[in-house]
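To keep things clear, I will list the structure first and then write my remarks on it.
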Amino acid sequence: MRMRQLFVLHRSLGVAVAVLLLLLVGTGVLLNHTEELALDERHVQHPGLLHWYGIAAPPAPPAYPVASGWIAPLNGAVYFNGAKIADNAALVGAVQSGDIIITALPDRLLLLTPAGELIDVILAGMGFAGQISAVGLDEGRVVVRSEQGTFGADSQFMTWNPIGAASAAWAEPVPLPAAQLAQLAQSDSAISITLERLLLDLHSGRFFGPWGVILMDLAGLALLLLAGSGVFLWARIQWRKRR
Amino acid sequence: MTTLSQPTRRWQGQNTLPLLLLLFGLAFSQNLPAESVYQTPESFLADAFNNQPPAPEMLWLTEETKATIERILGHRYASLRIRYWRQGERSAWILEEIGKERPITIGFVVNNDTLEKVRVLVFRESRGDEVRHPFFTTQFTGAALRADLALDRPIDGITGATLSVRALIKTARLALYLHRITGQSRQ
């Protein structure tokens, strides 16, 4: 192969794989500092990206509206206005009495301020017995229904007494509105991908499917060829200069 | 010969499948977290106060108290108040702390600034429930809080239950600290 042909090949190959090499180098450098940059803790939730990965938005869960916002479950956790308030829990219901939001889980009540601060946790057995199946209001008084009966709280939630509560309005779920669902989805790390995963997939080419992997393999080989042809051209020029 | 061997083969086959299914089930059941209730809070309080538990009281947490609690637990503490039951120098506390992933509910009775009783009420982790046994919990009986908020005695751990042991030690220190400050506020 003549010198000029080799030079053209070297230049064409360089231009052809320049973008892929930039991607390889850029993602490689970032991945080298995964821990320092906390890439595995940063979540990306761009709708187009989630669509590309096949991560669908969740269906609207049954949620409970209270005066200060929404209590809703998602992927085994419970949220108040998009902020997680309980893990590994099923939501039984929620009501608001004055400035206190009462969220019922099967084995406990969470008392929250309207800003979402946790005031107190009342475990089943600390005033009322049995697993909670419903929470409601009876003439402004908070009532819970459990396996052992119906109990009404005093205004400070210190004591609970068995009551009839025939007129109680029990919390009923309604579908979470779209705006609140979008806010909830943003809070849930299950509906996202980590920056580390995105960079790994870009680096390996998996982001673009099976052909992307082959393309990145070819880019790697092209880098090897560029290094070889570059060294060869440099050596050839040096040799000619000396002659 | 044929008539005898046929039923024998069929009999063996019928038992192999359930056995395999059982082994398969056992293999996958190991890591399933289950909630085990060893004693309800209500029953613990009844035991602690001779079937006549006092009315609950509430400790509202100041910034200073919260900071100390967080120092004991080693993480943020979310609640604004903690409920407890007190009769004279004895108090009962039902506290929760995460061992590895899920909270362990533990009951404490403190008498004159020393632990009188420790009982695991509800255990929700997939492993480490050995901490519920008396051979472990009786180590806390008589333990008090040092000035640096550590227990005044070593607690022997349990192999394979390190995180649950740690959770019990932290909450024991917390119960002693809370008893101390609620006692001070009464004086």
Side-chain angles (χ1 to χ4, degrees), chain A residues 75-81 83-90 92 98-103 105-132 142 144 146-149 151-162 189-190, chain B residues 32-49 53-61 63 66 69-70 75-86 92-108 119-126 171 178:
Chain A
N75 292 329
V78 178
Y79 296 82
F80 169 57
N81 288 345
K84 193 185 281 185
I85 55 171
D87 254 325
N88 298 310
V92 171
D99 281 345
I100 299 181
I101 300 160
I102 301 95
T103 303
L105 311 180
D107 68 340
R108 65 193 58 206
L109 295 175
L110 307 178
L111 308 187
L112 306 170
T113 66
E117 271 186 298
L118 181 67
I119 301 169
D120 190 10
V121 177
I122 307 172
L123 297 175
M126 283 165 58
F128 55 89
Q131 295 271 296
I132 303 164
V142 175
V144 296
S146 80
E147 296 160 329
Q148 306 293 324
F151 300 84
D154 65 11
S155 60
Q156 295 298 307
F157 300 92
M158 299 295 278
T159 54
W160 295 78
N161 294 307
S189 58
Chain B
L32 289 176
E35 181 173 299
S36 303
V37 181
Y38 299 112
Q39 189 173 19
T40 63
E42 202 170 27
S43 158
F44 174 79
L45 292 170
D47 280 357
F49 294 102
E57 296 179 46
M58 205 59 82
L59 170 66
W60 285 91
L61 305 179
E63 286 299 316
K66 217 165 181 177
I69 292 172
E70 288 174 358
H75 59 76
R76 188 175 163 267
Y77 189 77
S79 286
L80 298 177
R81 68 186 193 186
I82 300 177
R83 66 186 58 213
Y84 65 100
W85 295 259
R86 187 160 188 138
W93 303 84
I94 293 170
L95 304 172
E96 286 196 317
E97 175 64 358
I98 291 174
K100 189 180 179 191
E101 290 169 337
R102 305 193 64 193
I104 306 168
T105 308
I106 313 150
F108 296 92
R119 183 100 162 90
V120 173
L121 305 181
V122 187
F123 194 87
R124 302 175 183 85
E125 300 276 13
S126 56
T171 41
L178 295 171

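All values below were derived from every heavy atom in this structure, side-chain atoms included, with hydrogens, water molecules and symmetry-related copies excluded. All chains are named by letter (A, B, ...) in the order of the sequence lines, taking the proteins before the strands, and each is independently numbered beginning at 1.
- Both the backbone and the side chain of A/I119 come within contact range of chain B, with heavy atoms under 4.5 Å apart.
- Sparse packing is recorded around CD of A/Q156, with 12 or fewer heavy atoms of other residues, nucleotides or ligands lying under 6.0 Å away.
- With values rounded to the nearest 0.5 angstrom, B/T105 atom OG1 is found 5.5 Å from A/R108 atom CZ.
- For B/S43, no part lies near chain A; criterion is any non-hydrogen pair under 4.5 Å.
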Output, in order, the C-alpha distance, side-chain angles, deciding distance and verdict of side chain to side chain contact (heavy atoms under 4.5 Å, CB included) for A/M126 and B/W85.
-> CA-CA 10 Å; A/M126 283 165 58; B/W85 295 259; 3.6 Å; yes
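- In this view, A/P162 and A/F151 satisfy the side-chain contact (heavy atoms from CB on, under 4.5 Å) rule, not counting sequence neighbours.
- The local environment of NZ in B/K66 is crowded, with over 12 non-hydrogen atoms from other residues, nucleotides or ligands closer than 6.0 Å.
- Residue A/L111 comes nearest to B/R81 through the heavy atom pair CD1-NH2, 3.5 Å, listed as atom of the first residue, atom of the second, then distance.
- For the side chain to side chain donor-acceptor pair (under 3.5 Å) condition, no pair includes a residue of residues 110-119 of chain A, sequence neighbours left out.
- Contacts of A/D87 with chain B are absent, with no heavy-atom separation under 4.5 Å from either backbone or side chain.
- Although no hydrogens or angles enter the test, the distance criterion places no donor-acceptor pair under 3.5 Å between the side chain of B/R83 and the main chain of A/D120.
- When each of A/A129, A/G125, A/G127 is scored by its heavy-atom pairs under 4.5 Å with chain B, the top score falls to A/G125.
- Contact detail for B/E101 and A/N88: the closest heavy-atom pair is O-ND2, 4.2 Å.
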